[in-house]
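Note on naming: letters A, B, ... go to the chains in the order of the sequence lines (proteins, then strands), and numbering restarts at 1 for each one.
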Amino acid sequence: MQNESQIINLKRDKLKKIRKLGIDPYPNNSERTHKISYLHKHKDQLLEDKESVTITGRIIAIRRHGKLGFANIEDMSGKIQLYVRYDKVGADDYEIYKLCDLGDFVQAEGIAVVTERGEYSLLCHSVKILTKTLRPIPTVKEKMVDGKAVRYDEFADIELRYRRRYLDILLNPEIKSTFIKRANIITFIRNFLNKKEFIEVETPTLQPIYGGAYARPFITHHNTLDIDLYLRIATELYLKRLIVGGFEKVYEIGKDFRNEGMDRSHNPEFTMLELYEAYGDYNTMMDITEAMINGLAIELNNSDDIRFGKHTISFKRPWARRSMIELIKEKTGLDVSDCDSHKMLAFFKENDLEIPSETTPGVLIIELFEHYVEKELIQPTFVTDFPKEVSPLAKSRHDNPMFVERFELFIAGQETGNAFSELNDPIDQKERLLAQAKMREGGDVEASPMDEDFLLAIEYGMPPTGGLGIGIDRLTMLFTDNTSIKEVILFPQMKPEK
RNA sequence: GCAUCCGUAGCUCAGAUGGUAGAGCAGCUGACUCUUAAUCAGCGGGUCUAGGGUUCGAAUCCCUACGGAUGUACCA
């Protein structure tokens, strides 16, 4: 008689029983005098003073023994055992205790004691129910073996964990700490930038023209204006307008949306930090990136090093700064600084590499880099000097105008940041955006549309500026030793269940 | 997109070669005034992801769909 819906019916019956006793299973008010962690911090004093305390929490284990029983309850700060005796709480409250299930929220008042078996507990004088659960909470049991918690019956189904993240957080403590860490990372970045006098801003998520990255957008519609709007793919073009306006240091931490493939490192919406500094360039962006992430490592781990899978990654400064050309030459022996596509194509053929659909020098160089170099860059490495044609918003190098002043930051083989000396020549910028628009007309769905309004702003004058983008999700993956972006996004995008 | 693997009770899993589904935990009933994966006795619980096929017979073999994981491609 007990599949899930029957268990739910049994719980509804208990609910009725509680109501029959004249008790509201969902009272409007609750009270607590202390968090559970307080009981642990002031253990000796509480044991001596026998001061009455009231705590609240969720039942995570329950053991009944006739006229006495135990329950482990947990709040955000910790766990403690409740010790419930018929002769202490009285018949009414004992009845309530008997009607409590795993997952119910309760309020307990009592004094701190140590049981005969040596467990620090709250000996209850009263027990009150705060919320009755209707569904069976998956049972996860833990046993301490040699100081290590061995878990039984884990809540481990990956799909269920993501779809019912609340259960994941409730039942898997390491998940809770992952997301606390994520919050700490964002807080640290805010504090770091605020201290450097960056201003935090918010720019539109709904944009009439999207741009600032190479990606397909989500499209939506505004009813009153009767126009289509795009969910932003980057904050870049609006933040630069603010530099034009005289904000010298700005940043935004927010969601970008890209309508493309999903995999281990891509979620359709993701969190991005972008910052812009007037009178800076890509070199100052390297400095600030190093300082920020190194500071983060020290803040979180009290060390320059973190463990990531098999690797120990050291954020000790300075980090490697390597030209893409140099790296390719090192791995392949091929010098691509002359952007000779014939030579590169010959190399592709010699080595049986798949030839990309476009065979312009820039695309071929990137292809070589991704194939031979990217995955090898485990320690933090700034890869500099990208081909101009794949960087429409970056300034050219003076010594070789085929390349731009740009870097991508690679850590553990993964792109974690992207920065450049921002192009501020309005005529050059217009030409490059026109080239993008042409690619778009030619069928490149990821090329950016022309943004006249952005060009207008640049024509009013943007000072030399360094700009930087860092993927917060990927940074969090690094610092929490996760290889899937879904593990660091609370509610990752999933296909609907049928 | 392609390839491979996976989907059995609320949770974690077992179900060789096809023979008609099982365990632990959780739940229910009872016992128990110091337990902590409580214990003991008993009881129940399943559209084996869905649909089709092969077969006397399918959780098992085949096909399709759905969902997930991994790899790969794409993502400057």
Side-chain angles (χ1 to χ4, degrees), chain A residues 1-11 13-14 60-72 79 81-88 94 101-103 113-121 123 133 135-145 149-164 167 171 213-216 233 258-266 268 270 324 354 356-358 360 362-367 369-370 386-394 404 406 408 415 418 420 436 439 444-448 483-484 486 492 494-498:
Chain A
M1 97 168 259
Q2 279 163 312
N3 57 32
E4 189 173 24
S5 68
Q6 289 158 336
I7 293 175
I8 291 169
N9 282 336
L10 282 163
K11 286 179 178 285
D13 288 344
K14 285 190 182 179
I60 54 171
I62 192 159
R63 297 172 292 281
R64 284 180 274 248
H65 308 264
K67 289 200 159 36
L68 73 80
F70 302 90
N72 295 352
K79 316 173 195 181
Q81 175 172 271
L82 297 184
Y83 177 16
V84 185
R85 295 177 60 105
Y86 182 88
D87 58 9
K88 290 283 180 196
Y94 202 76
D101 289 317
L102 233 45
V113 296
V114 173
T115 62
E116 272 177 30
R117 295 290 175 96
E119 174 106 359
Y120 182 55
S121 308
L123 176 60
T133 59
R135 284 182 181 269
I137 306 264
T139 43
V140 177
K141 298 206 171 189
E142 239 177 44
K143 184 185 181 180
M144 297 304 284
V145 178
V150 179
R151 232 181 281 170
Y152 300 80
D153 297 336
E154 278 188 281
F155 181 68
D157 183 272
I158 295 176
E159 187 178 350
L160 258 191
R161 283 184 42 234
Y162 297 153
R163 290 193 194 277
R164 306 195 187 163
L167 292 179
L171 300 167
Y214 194 76
R216 297 168 73 175
I233 59 170
R258 296 186 186 174
N259 204 343
E260 45 199 30
M262 290 164 60
D263 61 28
R264 211 171 75 262
S265 56
H266 298 262
F270 59 99
M324 183 178 280
E354 203 181 318
S357 51
E358 275 183 80
T360 53
V363 170
L364 294 176
I365 289 172
I366 293 289
E367 196 72 20
F369 172 74
E370 287 177 355
F386 279 61
K388 180 175 177 177
E389 58 176 281
V390 297
S391 314
L393 297 162
V404 292
R406 170 179 179 182
E408 280 188 357
E415 181 196 336
N418 183 13
F420 22 95
Q436 286 282 308
M439 283 161 68
D444 184 342
V445 290
E446 287 172 340
S448 300
T483 51
S484 168
K486 289 191 166 105
M494 304 285 280
K495 288 194 190 175
E497 277 179 298
K498 269 224 154 173

Protein-nucleotides 2-8 of chain B N/O pairs closer than 3.5 Å?
none

Between the protein and nucleotides 13-15 of chain B, list the N/O to N/O atom pairs that are separated by less than 3.5 angstrom.
none

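Atom CD in E159(A) sits roughly 12 Å away from atom P in rU70(B) (whole-Å rounding). When rounded to the nearest whole Å, the span between NZ of K141(A) and P of rG24(B) equals 13 Å. Atom CD in E116(A) sits about 15 Å away from atom C1' in rA38(B), given to the nearest Å. The CZ-P distance, from R63(A) to rA38(B), rounds to 6 Å in whole Å. Rounded to a whole Å, the NZ atom of K67(A) is 10 Å from the C1' atom of rC32(B). Between the NZ atom of K495(A) and the C1' atom of rC66(B) there is a distance of 8 Å, rounded to whole Å. Rounded to a whole Å, the CG atom of L160(A) is 10 Å from the C1' atom of rG68(B). Between the P atom of rC74(B) and the CD atom of E370(A) lies a distance of 8 Å, rounded to the nearest Å.
Side-chain N/O atoms of R163(A) include one lying less than 4.0 angstrom from OP1 or OP2 on rG68(B). Dashed line: the shortest gap from a side-chain N or O of R264(A) to OP1 or OP2 of rG71(B) is under 4.0 Å. The side chain of K388(A) contributes no N or O atom lying less than 4.0 Å from OP1 or OP2 of rA76(B). Of the side-chain N and O atoms in K486(A), one or more sit less than 4.0 angstrom from OP1 or OP2 of rA69(B).
Spacing of P atoms, rU39(B) relative to rG71(B), comes out at 40 Å, to the nearest Å. Taking atom P on both rC61(B) and rG45(B), the two are 28 Å apart, rounded to the nearest angstrom. Spacing between rU54(B) and rG68(B) at atom P, rounded to whole Å, works out to 31 Å. To the nearest whole angstrom, the two P atoms, one in rG7(B) and one in rG53(B), are 23 Å apart.
Closest to the side chain of D263(A), from the set rC75(B), rC28(B), rA73(B), is rA73(B). Ranking rG45(B), rA37(B), rU33(B) by closeness to the Q6(A) side chain, first place goes to rG45(B). Among the nucleotides rC75(B), rG10(B), rC11(B), the one closest to the side chain of E260(A) is rC75(B). Closest to the side chain of E119(A), from the set rU33(B), rU36(B), rA37(B), is rU36(B). Distances were taken from every side-chain heavy atom of D153(A) (C-beta onward) to each of rU70(B), rC25(B), rA76(B); the shortest belongs to rC25(B). When distances run from any side-chain atom of I366(A) to the nucleotides rA76(B), rC75(B), rU33(B), the shortest one goes to rA76(B). Residue R406(A) has its side chain nearest to rA76(B) when only rA76(B), rA73(B), rA69(B) are considered. The side chain of Q436(A) has rA76(B) as its nearest neighbour among rA76(B), rG68(B), rC28(B). For D87(A), counting side-chain heavy atoms from C-beta on, the closest listed nucleotide (rU33(B), rG10(B), rU70(B)) is rU33(B).
Proximity of R161(A) to L167(A): side-chain heavy atoms (C-beta onward) are nowhere separated by under 4.5 Å. Annotation: side chain of T360(A) is not in contact with side chain of V390(A) (no heavy-atom distance under 4.5 Å). The shortest side-chain heavy-atom distance between V404(A) and F420(A) does not fall under the 4.5 Å cut-off. The closest side-chain heavy-atom distance from E389(A) to V363(A) is below 4.5 Å.
By the side-chain contact (heavy atoms from CB on, under 4.5 Å) test, Y120(A) is found to be paired with L39(A), H40(A), K43(A), L46(A), L47(A), I80(A), A112(A), V114(A), residues two or more places apart in sequence or in another chain being considered. Looking at residues two or more places apart in sequence or on another chain, you find a side-chain contact (heavy atoms from CB on, under 4.5 Å) between A447(A) and Y214(A), Q436(A), M439(A), R440(A), D444(A). Listed by chain and residue number, P268(A), Q493(A) satisfy the side-chain contact (heavy atoms from CB on, under 4.5 Å) test with M262(A) (two or more places apart in sequence, or in another chain).
For the pair K141(A) and Y152(A), the cation-pi test (distance below 6.0 Å, angle within 45°) is failed.
The CD1 atom of I365(A) lies 8.0 Å from the CE atom of M324(A); values are rounded to the nearest 0.5 Å. Annotation: the span from L10(A) atom CG to Q6(A) atom CD amounts to 8.0 Å, rounded to 0.5 Å.
Not a single donor-acceptor pair, N or O on each side, falls under 3.5 Å between the base of rU12(B) and the side chain of E154(A). Residue side chain D101(A) does not reach the base of rG27(B) through any donor-acceptor N/O pair under 3.5 Å, judged by distance alone. A donor-acceptor contact under 3.5 Å links the side chain of Y83(A) to the base of rC34(B).
Taking the syn range as angles within 90° of 0, the glycosidic angle of rA16(B) is syn.
Comparing V390(A) and D157(A) along RNA chain B, the residue whose closest nucleotide (by nearest heavy atom) sits nearer the 5' end is D157(A).
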Which nucleotides of RNA chain B pair, in dot-bracket form (Watson-Crick or G-U under 3.5 Å, | meaning another strand):
(((((((..((((.....[..)))).(((((.......))))).....(((((..]....))))))))))))....
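Note: Y86(A) and Y94(A) have perpendicular aromatic rings, judged against thresholds of 30 and 60 degrees for the angle between ring planes.
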